[in-house]
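Each chain gets a letter, A, B and so on, in the order the sequences are listed, and its residues count up from 1. Side chains are part of it too, since the values below use all heavy atoms of this structure and drop only hydrogens, waters and symmetry mates.
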Amino acid sequence: MKEFKRTLVTTALPYANGPVHIGHLAGVYVPADVYVRYLRLKGEEVLMIGGSDEHGVPITIRAKKEGVTPQDIVDRYHTIIKDSFKEFGISFDVYSRTSSKMHHQTASDFFKTLYDKGEFIEQTSEQYYDEEAQQFLADRYITGECPHCHAEGAYGDQCEKCGTSLSPLDLINPKSTISGSTPVLKQTKHWYLPLDKHEAWQKEWILEQHKEWKANVYGQCKSWLDMGLQPRAVSRDLDWGIPVPVEGAEGKVLYVWFDAPIGYISNTKELLPDSWEKWWKDQDTRMIHFIGKDNIVFHCIVFPAMLKAEGSYILPDNVPANEFLNLEGDKISTSRNWAVWLHEYLQEFPGKQDVLRYVLTANAPETKDNDFTWKDFQARNNNELVAVYGNFINRALVLTHKYFDGKVPACGELNEYDQATLKEFADVKQQVEKLLDTFKFRDAQKEAMNLARIGNKYLADTEPWKTAKTDMERTATILHLSLQIAANLAIAFEPFLPFSSEKLRKMLAMSSFSWNDLGKVDLLPEGHQINPAELLFEKIEDSVVEAQVQKLLDTKKANEANSFTPEAIKENVPFEDFCKLDMRVGTVLECTKVPKADKLLQFKIDDGMGGRTIVSGIAQSYPDPQVLVGKQVCFVANFEPRKLKGIMSEGMIISAVDADGRLVVISPSDVVKNGVNVG
RNA sequence: CGCGGAGUAGAGCAGUGGUAGCUCGUCAGGCUCAUAACCUGAAGGUCGUUGGUUCGAUCCCAGCCUCCGCAACCA
């Protein structure tokens, strides 16, 4: 394997339209921080780069909703995110933002370089334009009727009712969410990065030279490369972002995916205006991207293509992407407020940064999605941090104060058992290193904890409280070794639990502190005075975690109650329009899931006229379709029949859409004759 | 049949073509320096499912089921 002189660690830029939660931490920031702390402790040259991603459509939508500017939104969240990272001990060398001047300049120059080199292709397409607001409309700025389920309010990229993905051109009766007017199609020019031109070298680079990448990362890259890469637009019609720096590009900005990763470069530049290039352009620099699994393609394929196209940059050496963390069995969601927010945790658990760091590493979603529960949080704190690690430290220190006035006693002759114990913990360094070097943080932390287990076992087996009655020399040796193990723990846990390591270091009055000392048995010299014992970790009571669970349940309830605001009433229509619709009642004879479709149910309806087949996108609200059999339902009988998944559907079953999106079919309150009118 | 990842003890996770492992929980015993913590031992598994390759499959191959992600701008 190639030897590198320095390591550049980048962390995914959190999107500044909300605070940071435990999912972000477990997926990206905790592992990245463990890694850089480890490298620093080894004395290696390393940089950790972070920053807020502040452009993109969702931020502009949110700003509009709240009646403030996009800058107000990103200022608010950038501050919260930055402060909470700092307090949590994520040791960025720089944490900046993509709305900074430096970033605008850097990204703009980067685009210009690629443009001048002819690395882009230009393409003109038709997109919706709002003539009143005088701007092109991003997908999310257009709503209309979904062509599949005919629900109103579907967005230009997706219908949230039936989940179908859409293009803005699919919408029936499109409306601009900005002015409410009907948009018109207009030609617009955009620049594309022809990824297909980069396919050949990427195949060689990833599939041949980086077989060591994690299975989830390698697998996804392989599938993309095997499918064949397509050109990707790098600009958008929007007024929030970095202006496209070429003539004839008024009103166009860089697409966020193009602008965001360049933030890694800008932020390095901001930190080291004179020497940033050696971190980005020297083949002896090793670049590592820490990201979540949703970002794999951008960091393994798209961003490297940009860097290669520019020509002077290095490529990432590894991209250790994690899977996702769930919370109490449910997907973490910013919009549903189903999350443990970092800034709130810090307020509610002051001084307990390390507990969360420990739990998130112990349960890190390294190979598959994992679940965070408060019960597990409490158990890991009480049974592992307190009972195993904290308790060992306390035992060693209390005994030393009790028998030797807090001075490190002399090490006498070592017996066979002492030797065996020493040998066992000398191996820990190599083990932890091997695991950290391969990004196996969960196992590495477990190995560090093993050191405390060795300590506890050593005390239990040698029983210094008994030897103290007969043989002080032997007691001295036992405690001498126990204290050396304690000092080793301070080093081994520094990358994982920096706050506790500092506390322990102070208790032991340790002067030297380096990764290379790990495994040594002379960290604390004979006669060295240690400080009074304090508890390294405290128990967490049931009531505390119960309160957190309750808080989650409360937000869930509040969400369900608050999230519902009735939609605005549509404009009045003449009675004749209503009469054009022919709605009838029928009885469900059969109801089955349509194979290979998540959302479709196929109904056989007795409509009093020989029966008809209707396909309806409500399968997710009715996991057991049988419950509908025998029910009477209302349906629109005179829609043009249309094919769904190859089945001709003759009408549409009418459903109410509950606040949580669940669809409930409408039934008459009494049984009526099949085929009667609704009106 | 769009693509990728995952499915192993009550929970969370390792792992390997030849006797299934770790942490927590549970049960029993030991210890009493320690935050009722610690140490030892035990119970607990048709390794998602069906078929194939093999002397032998949890592992390799094929089909199917379930969960997650991407495609489709929340880690």
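Checked options A:Asn382, A:Asn363, A:Val355, A:Leu360; the residue passing with A:Phe377 is A:Val355 (criterion: side-chain contact (heavy atoms from CB on, under 4.5 Å)). Of the candidates A:Tyr29, A:Trp341, A:Phe88, A:His21 forms a ring-ring contact (aromatic ring centres under 6.0 Å, His included) with just one, namely A:Trp341.
Residue A:Leu535 places its side chain closer to B:rU35 than to any other of B:rG25, B:rU35, B:rU23. Picking from B:rC33, B:rA6, B:rC74 the nucleotide with the shortest atom distance to the side chain of A:Leu399 gives B:rC33. Distances were taken from every side-chain heavy atom of A:Ala387 (C-beta onward) to each of B:rG12, B:rC38, B:rC31; the shortest belongs to B:rC38. Candidate nucleotides B:rC70, B:rG5, B:rA34 were compared by shortest atom distance to the side chain of A:Asn216, and B:rG5 ranks first. Closest approach to the A:Lys402 side chain among B:rC33, B:rC38, B:rG4 is made by B:rC33 (side chain taken as heavy atoms from C-beta onward). When each of B:rC24, B:rA71, B:rC68 is scored by its nearest atom to the side-chain atoms of A:Asp369, the top-ranked nucleotide is B:rC68. Which of B:rC70, B:rG5, B:rC74 sits closest to the side chain of A:His24 comes down to B:rC74. Side-chain atoms of A:Thr367 lie closest to B:rA14 of the nucleotides B:rA14, B:rA34, B:rC68. Looking at the side chain of A:Lys466, the nearest of the listed nucleotides B:rU32, B:rU23, B:rG25 is B:rU32.
The partner of B:rG7 is B:rC65, judged by Watson-Crick or G-U wobble contacts that both fall below 3.5 Å. The partner of B:rA14 is absent, by the rule that a Watson-Crick or G-U pair needs both atom distances under 3.5 Å. In a base pair of the Watson-Crick type (N1 to N3 plus N6-O4 or O6-N4) or a G-U wobble (N1-O2 and O6-N3), with each distance short of 3.5 Å, B:rU19 is matched with no nucleotide. B:rC33 is unpaired under the Watson-Crick or G-U wobble criterion, no partner having all donor-acceptor distances under 3.5 Å.
Judged by closest nucleotide on RNA chain B, A:Ala215 is the one of A:Asn363 and A:Ala215 placed further toward the 5' end. Each of A:Leu459 and A:Asp376 was assigned the nucleotide of RNA chain B with the nearest heavy atom; the assignment lying further toward the 5' end belongs to A:Asp376.
Taking the C1' atom of each, B:rC47 and B:rG18 are spaced 16 Å apart, rounded to whole Å. With both ends at atom P, the span from B:rA20 to B:rA36 equals 40 Å, rounded to whole Å. As rounded to the nearest Å, B:rC27 and B:rG7 have P atoms that lie 30 Å from one another. Here the separation of B:rA11 from B:rC59, taken at their C1' atoms, is 24 Å to the nearest Å. Using atom P as the reference point in both B:rA43 and B:rC33, the two lie 32 Å apart (nearest Å). For B:rC39 and B:rC31, the C1' atoms lie 7 Å apart once the distance is rounded to whole Å. Separation of the C1' atoms belonging to B:rG15 and B:rC22 is 10 Å when rounded to the nearest angstrom. For the C1' atoms, the distance linking B:rU19 with B:rG56 amounts to 13 Å, nearest Å.
In this structure, A:Lys368 atom NZ and B:rG48 atom P are separated by 11 Å, rounded to whole Å. If you measure from atom CG of A:Asn382 to atom P of B:rA37, you get 8 Å, rounded to the nearest angstrom. The CD atom of A:Glu366 sits 10 Å away from the P atom of B:rG15 (whole-angstrom rounding). We find that CZ of A:Phe298 is positioned 13 Å from C1' of B:rC74, with the value rounded to whole Å. Atom pair A:Asn295:CG and B:rC68:P shows a separation of 20 Å (rounding to whole Å applied). Distance, A:Arg380 CZ to B:rG12 P: 11 Å, rounded to whole Å. Rounded to whole Å, the distance from CG on A:Leu325 to P on B:rC74 is 18 Å. A:Asp443 places its CG atom 12 Å from the P atom of B:rU23, with the value rounded to the nearest Å.
With salt bridges taken as basic N to acidic carboxylate O contacts below 4.0 Å, none links A:Arg236 and A:Asp259.
Within 4.0 Å (heavy atoms only), A:Arg453 reaches sugar-phosphate atoms of the nucleic acid but no base atom.
The cationic atom of A:Lys211 (NZ for Lys, CZ for Arg) does not lie both less than 6.0 Å from the six-membered ring centre of A:Tyr218 and within 45° of the ring axis.
Taking 4.0 angstrom as the limit, A:Asn456 places none of its side-chain polar atoms (N or O) nearer than this to OP1 or OP2 of B:rA34. In terms of phosphate contacts, A:Lys331 brings a side-chain nitrogen or oxygen within less than 4.0 Å of OP1 or OP2 of B:rG69.
Residues forming a side chain to side chain contact (heavy atoms under 4.5 Å, CB included) with A:Lys82 (at least two apart in sequence, or on another chain): A:His78, A:Tyr95.
A 6.0 Å sphere centred on CD of A:Gln230 holds no more than 12 heavy atoms belonging to other residues, nucleotides or ligands.
Taking the six-membered ring where tryptophan is involved, the planes of A:Phe537 and A:Tyr389 are tilted, since the angle between them lies from 30° to 60°.
Side-chain polar atoms of A:Thr98 and A:His103 form no donor-acceptor pair below 3.5 angstrom.
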